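Everything on this sheet refers to the single structure shown next.
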Protein chains: 2
Amino acid sequence: MNKPERLRAADFAYISIREGLSAGRWPPGSHLRETELAAELKISRTPIREALRKLASEQLVQFEPHLGARVPGWSHQDMEEIFALRVELESFAAGQAALNAKPAQVDELRSLATAIEKAAFGGDAPDNVKISELNNRFHRLIVLASGNRRLNSLVATIIDIPLVVRTFARFDKTAMARSVGHHFDLVEAIAGGNADWAVAVMRAHIHAGRQVMLGTDAGELLGRRH
Amino acid sequence: MNKPERLRAADFAYISIREGLSAGRWPPGSHLRETELAAELKISRTPIREALRKLASEQLVQFEPHLGARVPGWSHQDMEEIFALRVELESFAAGQAALNAKPAQVDELRSLATAIEKAAFGGDAPDNVKISELNNRFHRLIVLASGNRRLNSLVATIIDIPLVVRTFARFDKTAMARSVGHHFDLVEAIAGGNADWAVAVMRAHIHAGRQVMLGTDAGELLGRRH
DNA sequence: TGGTTCTATGATGTATACAACGCCACGTTC
DNA sequence: GAACGTGGCGTTGTATACATCATAGAACCA
C-alpha cells in the first residue's frame, strides 16, 4: 500500500485501519497491536497510536488502559441504540436540509439516488459494496446539506457502523426497491423545501432499515407511546 | 477490592486542559502549544498531544496540520447549532429515560433538582458556578438513565459547551425560577414513565435556555473579546 | 494435587531526540 | 518601492528508547 506524499502518517494510519475494520479484516474481539500495525504500515507506533485513539473516540475500537485496542462486537442492543440515534439525528438533518440545501446539493442527491438505483437494479446482480458506498455518500450529503456543521462529526460514528456490518447483503429485492423509493422521496421533499415531509420520510427510511437488520423481536424500544 | 486506579498522564492532561478551557483561561484564538502545556503539567509532550487530540474530537479545540491546537471562539451560529442538537438529543434522552430509568436514578434526579433550587434561591445570591455544575450533572444523568450508552459520548461535546460560556450568569430571577420548575416537571414525567411528557418538557426547557442565551434576534455575539 | 507466588515476556505508556513544515523577517532584484 | 525568494527559528510530526503494567505459566509450598 503506497502512502501518498502529503498525507500525515497518522491520517494514513487512520484511513488504513478504518478500511480494515470496514472490510471485516479483524474479527470482533481481536487485539490490534500497535507494533504489528506499525510494522505493516511501515511507520512508527506514534501515528498508529493517534489513529487508534481517534477510532476509539468514534467507538470503532475499544480501549482499556494498558491493554490496548480491541475490535468491538456489535450486539443486538448496540444496533438498536445506533438505529434509535440515527432515527433522531438523520431525520433532523433531513428536515434542516429541506430548509437549507443548496441547489447543487439537491442535484447531487438526485444523481446519487439514481446511481444507487442503477447499482441495485441496473445489472444482473446488485453490487452491494457499491450500494453501501453510494448510500453512505447519500446520507452524509444530507447531513452536510443540513447546514449544521456539528451534526457532521456527531453522525460520523453512527452512520458508518451499519456499513461495517454489511447491511445491504440482507436486503431482498422488494426491500431494496422500497429503499430506493425512499431516496427519491427524500430528494423530492428536500428539493421542495418541505421539512416535515423530509423528516417523516427519513424516520420511515431508517426504521425500515432497522427492520431489515434486526427484525421485530425486542422491538418495543424507541419511545413510542401506545 | 478497589483498585488504586492510578491516573494516566494523558488523562491527567485531558482533565487539566479541559478545566482550563471551562474556566476561560485561554481567550478564543489562543494557540495551545504542546511544549508550554508539557512544562506546566510536568509531563512530556506525548500525553499532551493525546489529550489535545481527544479535545479536538470533541470540538473543544481546533486542529490544523502543523499549526497545532487553537481555542475556538463560539459564534452565534455555533450556539444555534448546538442548541438545535441539544433539543433533539436531550429530548430523546428524556423520553427514553422515562421508559428506562431505574428508581435510584429517579431519586438522584429529584435530589439534584432540589439542590439546584437551593443553590438558586436558598441563600442571598445565586451561586452560578454551583448551579452550572449541578445542572450539568442533572442533564448528564438523564442521558445516562436513557439507557442508550452511545448517546452519552455523543452529547459529551454539546452539553458542556454552554457551561464554558457561562450560561447561568444570564438567567434573571424569573427565568431561573421557570428553569427550576422544568427540572421538577422532568423528574415527575420520568418518574411516572410518561415519555411523551418528558420529551415535551425537555424540548421546552432547552428552547427556553436558548432564548436566554441567544434571544430572538440574531444580533449579539457572546465571545469574550472587547 | 490444588492453589499461590514469582518470574519472564510482551504489550502499552511516557520521555526524548530528530525530521519536516509553516511563519516571518530580511535582503535581493526588478 | 514593491514583489519575490531565501534562510532562520519555532512549532508540530515522527521515530525510538525506556518505564510501567498485565498476563501466562513455571516454581513452590501446604
Side-chain angles (χ1 to χ4, degrees), chain A residues 1-21 25-73, chain B residues 1-21 25-73:
Chain A
M1 216 185 273
N2 293 345
K3 111 174 154 182
E5 214 54 46
R6 298 189 51 183
L7 204 61
R8 294 192 326 149
D11 297 326
F12 168 67
Y14 172 78
I15 293 170
S16 301
I17 298 170
R18 188 179 171 124
E19 280 179 359
L21 290 169
R25 178 176 163 192
W26 302 283
S30 299
H31 193 174
L32 294 183
R33 271 171 276 264
E34 298 173 355
T35 312
E36 286 181 10
L37 293 168
E40 180 188 328
L41 299 178
K42 302 226 169 55
I43 56 180
S44 78
R45 277 179 54 212
T46 306
I48 296 286
R49 280 181 66 81
E50 184 173 325
L52 287 175
R53 304 321 274 228
K54 185 170 183 183
L55 290 165
S57 78
E58 299 172 355
Q59 312 230 32
L60 287 170
V61 302
Q62 287 177 337
F63 255 93
E64 283 178 76
H66 292 287
L67 296 182
R70 304 191 80 84
V71 179
Chain B
M1 294 295 283
N2 288 345
K3 287 197 290 187
E5 298 238 359
R6 285 180 51 183
L7 200 61
R8 297 191 323 147
D11 295 328
F12 168 69
Y14 172 78
I15 293 170
S16 302
I17 298 170
R18 188 176 171 126
E19 280 179 357
L21 290 169
R25 179 176 161 193
W26 302 284
S30 298
H31 193 173
L32 295 183
R33 271 171 277 262
E34 297 173 357
T35 312
E36 286 181 11
L37 294 168
E40 180 189 327
L41 299 178
K42 303 226 168 59
I43 56 181
S44 78
R45 278 179 54 212
T46 307
I48 296 286
R49 279 180 67 81
E50 185 173 325
L52 286 175
R53 302 320 276 228
K54 185 170 181 181
L55 289 166
S57 77
E58 299 171 355
Q59 313 230 23
L60 287 170
V61 302
Q62 287 176 337
F63 256 93
E64 284 177 75
H66 289 104
L67 296 182
R70 304 192 81 85
V71 179

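Remember, it's a predicted structure, so these values are computed and weren't measured experimentally. Reminder, nothing fancy here: chain letters follow the sequence lines and each chain counts from 1.
One interatomic measurement links the two molecules: NZ of A:K42 to P of D:dT14, which rounds to 17 Å at whole-angstrom precision. With rounding to whole Å, A:F12 atom CZ is found 14 Å from D:dT14 atom C1'. If you measure from atom CZ of B:F63 to atom C1' of D:dT12, you get 9 Å, rounded to the nearest angstrom. D:dT12 atom P lies 11 Å from atom NE2 of B:H66, rounded to whole Å. Atom CD of A:E36 and atom C1' of C:dG10 are 11 Å apart (whole Å). The interatomic distance linking A:E64 (CD) with C:dA11 (P) rounds to 17 Å, in whole Å. Straight-line distance from the CD atom of B:E34 to the P atom of D:dG10: 17 Å, rounded to whole Å. Rounded to whole angstrom, the span from the CZ atom of B:R8 across to the C1' atom of D:dC21 amounts to 12 Å.
Across all strands shown, B:E50 has no heavy atoms under 4.0 Å from either base or sugar-phosphate atoms. Note on A:I48: nothing from the nucleic acid sits closer than 4.0 angstrom, heavy atoms only. Residue B:R45 is in base contact, counting any heavy-atom pair closer than 4.0 Å across all strands shown.
Annotation: side chain of A:L7 is not in contact with side chain of A:Y14 (no heavy-atom distance under 4.5 Å). Within the 4.5 Å cutoff, the side chain of B:I17 has no heavy atoms near those of the B:L60 side chain. Side-chain contact between A:E50 and B:R53 is present, with heavy atoms from C-beta onward closer than 4.5 Å.
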I'd like to know whether A:E64 forms a salt bridge (charged side-chain N to carboxylate O under 4.0 Å, His left out) with A:R70, so could you lay out the CA-CA distance, the side-chain angles of the two residues, the decisive distance to 0.1 Å, and finally the verdict.
CA-CA 8 Å; A:E64 283 178 76; A:R70 304 191 80 84; 5.7 Å; no
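Of the side-chain N and O atoms in A:H31, one or more sit less than 4.0 angstrom from OP1 or OP2 of C:dT12. Residue A:S44 places at least one side-chain N or O under 4.0 Å from the OP1 or OP2 atom of D:dA15. Within the 4.0 Å cut-off from OP1 or OP2 of D:dG13, at least one side-chain nitrogen or oxygen of B:R49 is found.
Contact of B:T35 with D:dT11 (side chain to base): no donor-acceptor pair of N or O atoms is detected under 3.5 Å.
Mapped onto DNA chain C by nearest heavy atom, A:L52 and B:L67 fall at different nucleotides, with A:L52 at the one closer to the 5' end. Place A:P65 and B:R33 on DNA chain D by their nearest nucleotides, and B:R33 ends up nearer the 5' end.
Within the model, atoms CD1 of B:I48 and CZ of B:R33 stand 14.0 Å from one another, a figure rounded to the nearest 0.5 Å.
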